[in-house]
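Okay, structure first, notes after.
Quick note on labels: first sequence line is chain A, next is B, and so on, each numbered from 1.
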Amino acid sequence: MRTLEISNLHKEFVDAYTGQTVVAVGDVSFSIEQGEFVSVLGPSGCGKTTVLNIVAGFDTQTSGSVLVGGKQVDGPSPERGVVFQSFALFPWKTVLGNVTFGLRMRGVPRADREAVAHQYLELVGLQGFEAKYPHELSGGMQQRLGVARVLANEPEVMLMDEPFASVDAQTRRKLQEELTGIFETKRPTVFFVTHDVDEAVFLADRVVVLSSRPSQVAEIVTVPLERPRHWRSALDNPDFRHTVTYLTDLLAAGEPNADESEDAPETSAAAGAVGEG
Amino acid sequence: MTNITPSTSGAGQPHPKPGPPKARFRPWLVRMGENRVVRTFGPFVPVILLWWIIAELEVFPSAFFVGPGTVFEKFDELIAKGILPAYLGDSLERLFYGVLFGMLIGVPAGFIVAMSAWARKLTWPLLMFFQAIADIAWLPIVIVWFGFSLTAVTFVIVYTIVFPLMISIVSGVEQVPRDVVRAARSLGAGRLQVFTEVILPGALPAVATGIRTGLGYGWRALIAAEIIVGTSGVGFLMFDSRRAQEVTGVFVGMIVLGVLWFALDALVLAPFERRTIERWGMIRTAEAGR
Amino acid sequence: MTATPASRRGGHLPRRLSAAFWFAVPFVALAVIWAIAVELSGVERRIFPQVTDVASAFAEMWRSGDLFTHTGASLRRMGLGVIAALLTGIPFGVLLGSSRVAAAFFAPLLRFSVALAGIAWIPFATLWLGYGERAVVFIVWNAMFFALAYNTMLGVQRIPTQLIRAARSMGTPRHRMFVEVLLPGALPNIVTGLRVGLGYGWRGLVAAEIIAASAGLGYSIFLAQKYFRTDIIIAGMIIIGALWLVIDRALLAPLERRTVERWGMKAVNL
């Protein structure tokens, strides 16, 4: 079953200063299956965050459609929880208060929401920190809280907007490994935006590559890695390295080039049909 | 693992572009909104209009509330008689002397307290306490000491300016990054040079903030002092009119005070802040104090 | 609510005692200098009273009950004005802050009003509401309202977009945004506004009592001036200063400690 279906998404806006029309998203179509992890990879400024914002309901498209669970997206909803690059935790709420926030908004009774919260705090390894305030946690712990806060709502799809971009390199590796672990046990549907090729490949089942502005789907690459995944073994895995190299070349070329698809074994280059460019 | 979902994007057909009239209208409105003069003074137009309408409709009795027309006539009359210019001159003179002496005392005193740990320890509680005695509460004793005079009013204004100024200088000096001081010392600056080259300029934004806060209080003290001491000045004009049950005079005084503050802000405070804070790209510490 | 780390509370007893000692030393020194100066200069004690004169004036005010009448009257007016300002200024500020157009429109008007708020309204207040209680409360409210509304507006505007988006994507209904996000998010600036506003309000109270009341601390020192009782004036000034410190220490500081500082949002304010 398709959880998320994006078709012919197009977004343009009028620059307030110059009065010119800017195309942020050219023509993007792809879909995500239930329980699938999809990374959206693209050069900076290609509008991948815009796509995420439209799916989240923060922004509206100029044309095209976004369906989640068969329904048209209309404004933000707990069905599409967002993990932000800036964490966006509520500084005035404790760890527990942040995790239970969504459930409280839905009117779940206190005992129930705390039970759910404890379960997810344990999942991300934050048990024992319930009474702390976000500023008392390290960056890595803050983002784990950000993930737990969204998962506690059991969303149809979890949207992640470069969630590990503002933590240090070592913590990032650790968080990525933890996120795969969580994904392998809970099987949420994940829409993960990043500009980091290694991260995109390591985490995802498929990688959607966007071209630079006006963005289009350059290619959709299936990652040929078994789960459970670990960094130690992934780095030694030739399939992993090949996929990373292939995607790196793809991004460097800027323009999609269908001829190179054979260089990457087991990738499915067929998907990214491109408009006239 | 998962199936490949052939998500074919439709061949790029032309997307509807937003109509040109809409595109042109928005920037026009936006551009108008960006004009500083429009942004600052625009909002007053509907307010004055509303004032005029309320007065015309006679919602309130005219003994309590008069329209812009009446106020303007009174304004004209007060200028013609020379009362307003004279009173305005008196108020400005008091404010000027108050600020001048306030700075002459507050700036050096602030730096002494900021630079010496001992001076700090001994004076900080007193600073807090004297700041806490509302400046206006000094008026009665000051009247005993100096009579109903310019000195009495000036004393109160000096008082209101000195303490906020000293307190913000102390916090401003504290905020000069330690590494900058260390950098200067390791580049060969002596103690005095560190002060003149690093700490003094580093604390200037705080001086600007302190002056703004101090003036905010000093301004109110001036009005209160003129009402209470009551010999001349814009505050006196307002209260004198009130005593005579002449609401128009109160309106005139209010508007003069408002315009005066705007002028003070635009001609003195803002340029000073621009020159110190913004030029060095420092973050404003107390935008809120306005 | 939850256990506050002891270190935040000022630490163990010896440290607090030493802090109290160092707080008291300057005041004792000031009193000694004052006493010696009056003694040596030979200034007329009617003009500049001796420390002991002020102390006995204070005792006299205590015994006659004047102290409590005036303090009570002042605090009640201040309390009423502050409550009115909180109830009106904060919602108004949030309302303005949540609309960019409204904020752009009202910002210059509010800044203009902040500059005039309080004392300058005394002639109007007494004209519209007569001399007495209502005029004084009006002045306190007026002195605080604009500063509070303006700073609340700034605070709401400074809440990171991501926080509002996070709340919305977790299903926060519109009518709960105020309590759940806007109010706590704007709190650092609200506290600033409260501090500025209380300062204006306190001064406005004293001025309004001097001009328009028949009880209260401002009135009492002005009355004393008419009878040339400088000892009572200075005693009254000390009470005014001490009360303000109590308001600051007992209300504002704990509010800041429990909220803005506890939540690690202090930096936004600085």
Side-chain angles (χ1 to χ4, degrees), chain A residues 16 49 52-53 55-59 73 75-108 113 130-137 142 145-146 149-155 157-159 161-163 166, chain C residues 1-8 90 94 98 100-101 103-104 152 155-156 158-192 254-270:
Chain A
T49 295
L52 183 135
N53 281 342
V55 176
F58 300 146
D59 216 337
V73 164
S77 144
E79 291 305 327
R80 286 164 273 118
V82 182
V83 179
F84 296 89
Q85 185 186 339
S86 61
F87 314 150
L89 302 168
F90 301 120
W92 52 87
K93 294 210 178 296
T94 58
V95 167
L96 189 66
N98 269 285
V99 178
T100 53
F101 188 89
L103 298 168
R104 202 158 56 81
M105 289 302 117
R106 263 191 280 160
V108 176
R113 62 178 188 248
E130 286 84 353
K132 295 268 183 207
Y133 281 91
H135 76 105
E136 297 168 313
L137 306 178
Q142 291 190 20
L145 176 56
R149 182 173 76 166
V150 166
L151 287 180
N153 287 322
E154 296 183 342
V157 53
M158 173 158 72
L159 309 174
D161 185 10
E162 308 202 20
S166 41
Chain C
M1 282 163 278
T2 44
T4 318
S7 57
R8 278 174 188 266
I90 292 176
V94 170
S98 30
R100 218 190 301 171
V101 177
T152 307
V156 172
R158 283 185 190 166
I159 299 175
T161 324
Q162 307 286 301
L163 274 189
I164 290 168
R165 285 182 165 180
R168 295 228 290 141
S169 82
M170 279 190 284
T172 316
R174 257 178 198 288
H175 66 273
R176 290 180 74 172
M177 285 297 272
F178 177 76
V179 173
E180 298 291 344
V181 181
L182 301 180
L183 200 60
L187 208 66
N189 287 77
I190 293 178
V191 171
T192 309
L255 175 72
E256 265 189 330
R257 218 172 28 236
R258 288 229 179 120
T259 57
V260 180
E261 276 174 37
R262 185 79 190 88
W263 302 338
M265 289 167 80
K266 188 79 176 172
V268 184
N269 204 11
L270 275 174

Result of checking A:Val82, A:Leu159, A:Thr49 against A:Phe58 for side chain to side chain contact (heavy atoms under 4.5 Å, CB included):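 Only one of A:Val82, A:Leu159, A:Thr49 forms a side chain to side chain contact (heavy atoms under 4.5 Å, CB included) with A:Phe58, namely A:Val82.
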From C:Met170 atom CE to A:Thr100 atom OG1, the distance as rounded to the nearest 0.5 Å: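 If I round to the nearest 0.5 Å, the distance is 9.5 Å.
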Gap between atom CD of A:Gln142 and atom CG of A:Asn98 - 0.5 Å precision: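 The CG atom of A:Asn98 sits 9.5 Å away from the CD atom of A:Gln142.
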Which of A:Pro134, A:Ala88, A:Gly102, A:Pro155 touches chain C most, by non-hydrogen pairs under 4.5 Å: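 Highest number of heavy-atom pairs under 4.5 Å: A:Ala88.
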Largest heavy-atom contact set with chain C, pairs under 4.5 Å, which of A:Gly57, A:Ser86, A:Pro78, A:Ala152: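 If we count pairs closer than 4.5 Å to chain C, A:Pro78 comes out on top.
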Closer than 3.5 angstrom, by distance alone: can the side chain of [X] be matched with the main-chain N or O of [Y] as a donor-acceptor pair?
X	Y	answer
C:Thr172	C:Ala167	yes
A:Glu130	A:Leu96	no
A:Trp92	C:Val181	no

Heavy-atom contact with chain C under 4.5 Å, split by part of [X]:
X	value
A:Arg80	backbone
A:Asn53	side chain
A:Leu89	backbone

Chain A contact via C:Pro184 - which portion, at a heavy-atom distance below 4.5 Å: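 For C:Pro184, backbone and side chain are both near chain A.
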Toward chain A, the part of C:Arg168 with a non-hydrogen atom under 4.5 Å: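 Both parts, backbone and side chain.
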